[in-house]
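Lettering follows sequence order; numbering is per chain, from 1.
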Amino acid sequence: MALSYPPLTVPSSHPLHFLPSSSDPPYDILRTQPSLSLLSNCKTHQSLREIHAQMIKTGLHNTNYALSKLLELCVVSPHFDGLPYAVSVFETIQEPNQLIWNTMLRGHASSSDPVSALELYVRMVSLGHLPNAYTFPFLLKSCAKSKTFEEGRQIHGQVMKLGCDLDRYVHTSLISMYARNGRLEDARKVFDKSSQRDVVSYTALITGYASRGDVRSARKVFDEMSERDVVSWNAMITGYIENGGYEEALEFFKEMMRMNVRPDEGTLVNVVSACAQSGSIELGRQVHSWVDDDHGFGSSLKIANALIDLYSKCGDVDTASGLFERLSYKDVISWNTLIGGYTHKNLYKEALLLFQEMLRSGESPDDVTMLSVLPACAHLGAIDIGRWIHLYIDKKLKSVTNGSALRTSLIDMYAKCGDIEAAQQVFNSMICRSLSSWNAMIFGFAMHGRANAAFDLFSRMRKNGVEPDDITFIGLLSACSHSGLLDLGRHIFKSMTHEYNIAPKLEHYGCMIDLLGHSGLFKEAEEMIQRMPVEPDGVIWCSLLKACKKHGNLELAESFAQKLIKIEPENSGSYVLLSNIYATAGRWEDVARIRAILNGKRLKKVPGCSSIEIDSVVHEFIIGDKLHPQSKEIYGMLEEIDVLLEEAGFVPDTSEVLQEMEEEWKEGALRHHSEKLAIAFGLISTKPGTKLTIVKNLRVCRNCHEATKLISKIYKREIVARDRTRFHHFSDGVCSCCDYW
DNA sequence: ATAGGGTTAG
């Protein structure tokens, strides 16, 4: 934003502090006015309006002093956002005095839109008012917050003209402005030139160095200080945390305790957050019990929220939610912290439930809330809630700073919930796309097997001058691997190193090896494994094992399975896959041998689970489960489906009976795989012709895939199914994956 | 008479 300032002409005798205007009554009379003393206890917007009404009645609102008090309250109150009200009152004041202008500037500078302070300032100056020493800290804060460096420099010029640089508040504000704009040299110059250095200006400089990543210089300034207060210590601790130096931050905390510096709320918040980020749960617990030992912080919401974050990040979700439940007062950050904690730990259902509780409690979600909830919707396929959130964002979160991140999250949610068109609409409506927006859309297309669309988007992205990163290439390569596009995959894989200078990582190799395996090029796949600089993981061996099954390569399968078992001995999948391969080859004694090993190991298996969202409720099914309240109807429907399937000529592939063991291991339940339960439930719960969207945590088995194709034809339903790697769109007897997966 | 600077939870 370019702001032009009217030239300032300063009369030589310009007083820095204005005298009170003659219309203002003497101070002690005002102090006894009841409506003014009420202001100090005013905690709600409603009571503010009442006090204002009272002031109008008594004529008090005609005094600049009383008005400035009212405006100050609006602008600084931590209990409500009174800025809009202050603005409306301000606009009615005919001749605001200096104090009132400054109060309004203060309000705008500390608002979410700090640039508006500069705009107001331009207006003030053009009306002929001059700034005083109190004005500049607000203006400089606005420049610091909005990172408007040029304006900051201009204001510095005006400070010099007015001779305000001798004021220590202005002095520190200048340092802070330059520091937070990354101009440490300028900040240092102001600091060195001044004789007004105190603990506050030193600390501003520390923060400057630290936020630029130069913790060593920050430390040097800290060491130079002759006296330090708790804020200086806090600033150093923050500096270390921001630069990943959690150990040093915690060392600093211990040191300040040794020096008998009493930590304050900020210290503890900082320290707890350092523990959370570094996973130092033991130290975190110590700090927690110290806080509980009545040091006067028991009621600090900030500390409580930091502790909730600590426990949920360190995996102790129960303690976190216990703390949350016991809060007598919760704010949006408390909710966001725990919701985010759940999402972080893959507890998506818990995240959505808590989100719903938050709405019921009357708390308004913000952008951070949505950035935690949308991934949960995406994982669960909860598209109704996702759509609701989309509307909410358009209505209430239009101008938040995270707008682009929110939209990217919406793209991901729609794509993962099966509505790739909605994802595209969000993408196309974006004015400002980040690299992750492009990536999310490319991934969406890849997931839906639409390799062409993914590559078209990639070239559009290049035309827009956006440089791809390693994530982009995972998207493109997985698009290839979902469609079996070996040559294109090879080409892209080469170009990422040669053209874009991006080193392939495990995931990129994984896609290539999957492609090679699928094409039966085992030798080349093994060569790639030899060549790659990273150790192959279970995913890679698993994809090769599947390729062996497809190509009937028993010998290789055995060696791959051994590798897989070595890396992931707890993963039953490798045994199951191998036994299936033996079964296909008719080697029944080997099947029995593997089964015996499996039984002996008592390995945990991941139960297959499918879900379908009906009227905003996500219904989950596991294999053969009869827990659903409409279980009877569902099984009735299943029987009907099986009859119709048989009439349509569907014959279950008996050679694949053991296939079910691969992922849904339970005797003879082939017919009642979880996705079939979800489909049956969908058929009886929706109007004819409604599209059904199923989300499954594992891969679809061949039999279910064949059956679903036929069901889509028999019942004239479009069925969209997401398995753990991709989407299948079933319609009129065919699947979008062309049976390649 | 009245105001302003540095650190602080998701």
Length of the [atom1]-[atom2] vector between [X] and [N], whole Å:
X	N	atom1	atom2	answer
A/His344	B/dA9	NE2	C1'	16 Å
A/Lys69	B/dA1	NZ	C1'	10 Å
A/Asn181	B/dG6	CG	C1'	16 Å
A/Leu205	B/dT7	CG	P	12 Å
A/Tyr65	B/dA3	OH	P	8 Å
A/Phe252	B/dT8	CZ	C1'	17 Å
A/Leu105	B/dG5	CG	P	13 Å
A/Tyr240	B/dT8	OH	P	16 Å

For the side chain of [X], counting heavy atoms from C-beta on, which of [options] is nearest?
X	options	value
A/Asn305	B/dT8, B/dA3, B/dA9	B/dA9
A/Asn234	B/dT7, B/dG4, B/dA9	B/dT7
A/Thr203	B/dG6, B/dG5, B/dT8	B/dG6
A/Glu242	B/dT7, B/dG5, B/dT8	B/dT8
A/Val269	B/dA9, B/dG6, B/dG4	B/dA9
A/Asp331	B/dG6, B/dA9, B/dA3	B/dA9
A/Ser201	B/dT8, B/dG5, B/dG4	B/dG5
A/Ala306	B/dA1, B/dA9, B/dG6	B/dA9
A/Lys302	B/dG4, B/dA9, B/dG6	B/dA9
A/Ala133	B/dT2, B/dT8, B/dG4	B/dG4

Do you know which two heavy atoms are closest between A/Ser364 and A/Tyr392, and how far apart they sit?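 Distance-wise, the nearest heavy atoms are CB-OH, 3.9 Å.
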
Can you find an N or O donor on one side and an acceptor on the other, under 3.5 Å apart, linking the side chain of A/Asp229 with the base of B/dG6?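 Donor-acceptor pair under 3.5 Å: yes.
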
Within the 4.0 Å heavy-atom criterion, would you say [X] contacts the bases, only the backbone, or no part of the nucleic acid?
X	answer
A/Ser232	base
A/Arg168	base
A/Thr103	nothing
A/Val272	nothing
A/Ser173	sugar-phosphate
A/Val230	nothing
A/Asn102	base

Under the criteria of a ring-centre distance below 5.5 Å and an interplanar angle below 30°, is A/Tyr169 stacked with the base of B/dG5?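 No, A/Tyr169 does not stack on the base of B/dG5, since the centre distance and plane angle fail the 5.5 Å and 30° test.
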
Can A/Arg285 and A/Glu282 be counted as an ion pair, charged N to O under 4.0 angstrom?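 Judged by the 4.0 Å cut-off on N to carboxylate O distance, A/Arg285 and A/Glu282 do form a salt bridge.
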
For A/Phe90 together with A/Trp101, are the ring centres under 6.0 Å from each other?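 Between A/Phe90 and A/Trp101, which both carry aromatic rings, the centre distance is below 6.0 Å.
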
Would you tell me whether A/Asp366 and A/Thr369 have side-chain atoms, one donor and one acceptor, within less than 3.5 Å of each other?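 Distance-only check passes for A/Asp366 and A/Thr369.
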
Could you verify whether a donor N or O on one side chain and an acceptor N or O on the other, from A/Ser409 and A/Asp412, lie under 3.5 Å apart?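 Looking only at side-chain atoms, A/Asp412 and A/Ser409 do not form any donor-acceptor pair under 3.5 Å.
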
Taking atom CD as the centre, does A/Glu95 end up with more than 12 heavy-atom neighbours from other residues, nucleotides or ligands that are less than 6.0 angstrom away?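 Incorrect, the count does not exceed 12.
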
Are OP1 or OP2 of B/dT7 and a side-chain N or O of A/Arg180 less than 4.0 angstrom apart?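 Affirmative; the distance criterion is met.
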
Check whether NZ of the Lys or CZ of the Arg A/Arg228 lies under 6.0 Å from the centre of the six-membered ring of A/Phe222 and within 45 degrees of that ring's axis.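 Cation-pi check for A/Arg228 and A/Phe222: passes.
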
